[in-house]
Amino acid sequence: MEEFDLDDLAWRTPFRVQLPTAQQVAAALALLSLVGPAALGGMPVIPVTIQDEQRRHQEEIQQTSESTVGVYQNSTEAETGLALSQQRLAAVTREVDDIHTHDVCEQDVYHAANRVFSGEVEVQLSGRFRSAFNRVVRDNVDLYILRDNEMYEQSMSTVL
């Protein structure tokens, strides 16, 4: 047997407890969160309260009322809706760019959009512009979908 030399042991650094790194802790927690429910016999069911159900129902109603795509029945209605949306966009564009003339052209809308999206406009006016712009886009989509459907129906009726 070898004899231990106490002089050699004096120069060694004692073992220290090392705390786990943040990455090791995160990995352990992720593993526990994935394995924990499975070890208990399945995935946990999140209880749904009456308030949660009412809030979800209210959000569905709000999403349905906010969407204007598919509201119009024919292309004539969609054209009328698009004209109104364009008038709203023109009015808000006048406010954004401080235009005092009656006519608003595409360049004015483009310039106002650049100002809004770069953050140069106050929040409330920016929100109004974005809303008006979105309505014009939705109404355009509606109009082209309805026109396409009407043309398809006409072509099918002439074939039959």
Side-chain angles (χ1 to χ4, degrees), residues 19-38 40 42-160:
L19 295 174
T21 64
Q23 190 175 18
Q24 290 171 333
V25 171
L29 290 175
L31 182 67
L32 286 175
S33 67
L34 292 173
V35 175
L40 295 174
M43 296 306 288
V45 176
I46 299 173
V48 178
T49 63
I50 294 173
Q51 291 84 8
D52 291 337
E53 187 63 28
Q54 288 173 344
R55 188 184 71 245
R56 186 188 62 76
H57 182 67
Q58 186 64 32
E59 288 173 356
E60 285 177 1
I61 292 172
Q62 184 176 359
Q63 289 172 356
T64 303
S65 66
E66 287 177 356
S67 174
T68 58
V69 175
V71 172
Y72 304 113
Q73 302 301 317
N74 57 39
S75 62
T76 308
E77 289 179 12
E79 287 173 359
T80 305
L82 178 59
L84 289 173
S85 297
Q86 288 172 337
Q87 288 174 1
R88 285 188 201 113
L89 180 60
V92 176
T93 300
R94 280 189 210 101
E95 288 183 53
V96 169
D97 277 345
D98 199 27
I99 300 172
H100 299 292
T101 61
H102 181 70
D103 293 335
V104 174
C105 65
E106 293 88 4
Q107 290 299 325
D108 295 330
V109 175
Y110 181 75
H111 184 261
N114 279 335
R115 288 190 61 211
V116 166
F117 295 128
S118 67
E120 296 176 22
V121 181
E122 66 183 65
V123 176
Q124 183 180 10
L125 188 57
S126 172
R128 288 179 44 217
F129 181 86
R130 290 172 190 252
S131 175
F133 190 81
N134 284 334
R135 283 191 179 191
V136 169
V137 171
R138 286 188 210 134
D139 287 347
N140 267 315
V141 170
D142 256 358
L143 177 62
Y144 285 105
I145 288 172
L146 288 169
R147 280 185 182 167
D148 187 48
N149 289 345
E150 289 171 358
M151 288 174 40
Y152 177 76
E153 287 175 8
Q154 287 177 352
S155 67
M156 292 305 288
S157 65
T158 56
V159 170
L160 296 174

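Sequential numbering from 1 along the given sequence is applied to the chain's residues.
Here Thr101 pairs with nothing under the side-chain hydrogen bond (donor to acceptor under 3.5 Å, both in side chains) rule; sequence neighbours left out. Applying the side-chain hydrogen bond (donor to acceptor under 3.5 Å, both in side chains) criterion to Glu95, with sequence neighbours excluded, gives Arg128.
Arg94 contributes a side-chain N or O that, together with a main-chain N or O of His102, makes up a donor-acceptor pair within less than 3.5 Å. Panel note: side chain Asp108, backbone Cys105; a donor-acceptor pair is recorded below 3.5 Å. Distance alone, capped at 3.5 Å, is enough to place a donor-acceptor pair between the Thr158 side chain and the Gln154 backbone.
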side-chain contact (heavy atoms from CB on, under 4.5 Å) between Arg135 and Leu89: does it pass, once the steps are laid out?
-> CA-CA 9 Å; Arg135 283 191 179 191; Leu89 180 60; over 6 Å; no

Under the side-chain contact (heavy atoms from CB on, under 4.5 Å) rule, what do Asp148 and Tyr152 come out as? Steps first, then yes or no, please.
-> CA-CA 6 Å; Asp148 187 48; Tyr152 177 76; 5.6 Å; no

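Within 6.0 Å of CD on Gln24 lie more than 12 heavy atoms contributed by other residues, nucleotides or ligands. Residue-environment remark: CZ (Phe117) exceeds the threshold of 12 foreign heavy atoms within 6.0 Å.
In this structure, Gln107 CD and Thr93 OG1 are separated by 12.0 Å, a value rounded to the nearest 0.5 Å. Expressed to the nearest 0.5 Å, how far CZ of Arg147 lies from OG1 of Thr76 amounts to 9.0 Å. Here CG of Asp97 is found 13.0 Å from OH of Tyr110. Values are rounded to the nearest 0.5 Å. Taking CG from Asn140 and CD from Glu79, the interatomic distance works out to 11.0 Å, rounded to the nearest 0.5 Å. For the atom pair CG of Asn74 and CG of Asn149, the computed distance is 11.5 Å after rounding to the nearest 0.5 Å. The CZ atom of Arg138 lies 13.5 Å from the CG atom of Leu82; values are rounded to the nearest 0.5 Å.
Closest approach of Ala78 to Asp142, counting heavy atoms only: CB-C, 4.5 Å. Nearest heavy-atom pair, Ala90 versus Val104, reported as atom, atom and distance to 0.1 Å: O-CG2, 3.9 Å. Heavy-atom minimum distance, Val96 versus Ala112: CG1-CB, 3.7 Å. In terms of heavy-atom proximity, Val92 sits nearest to Ala132 at CG2-CB, 4.4 Å.
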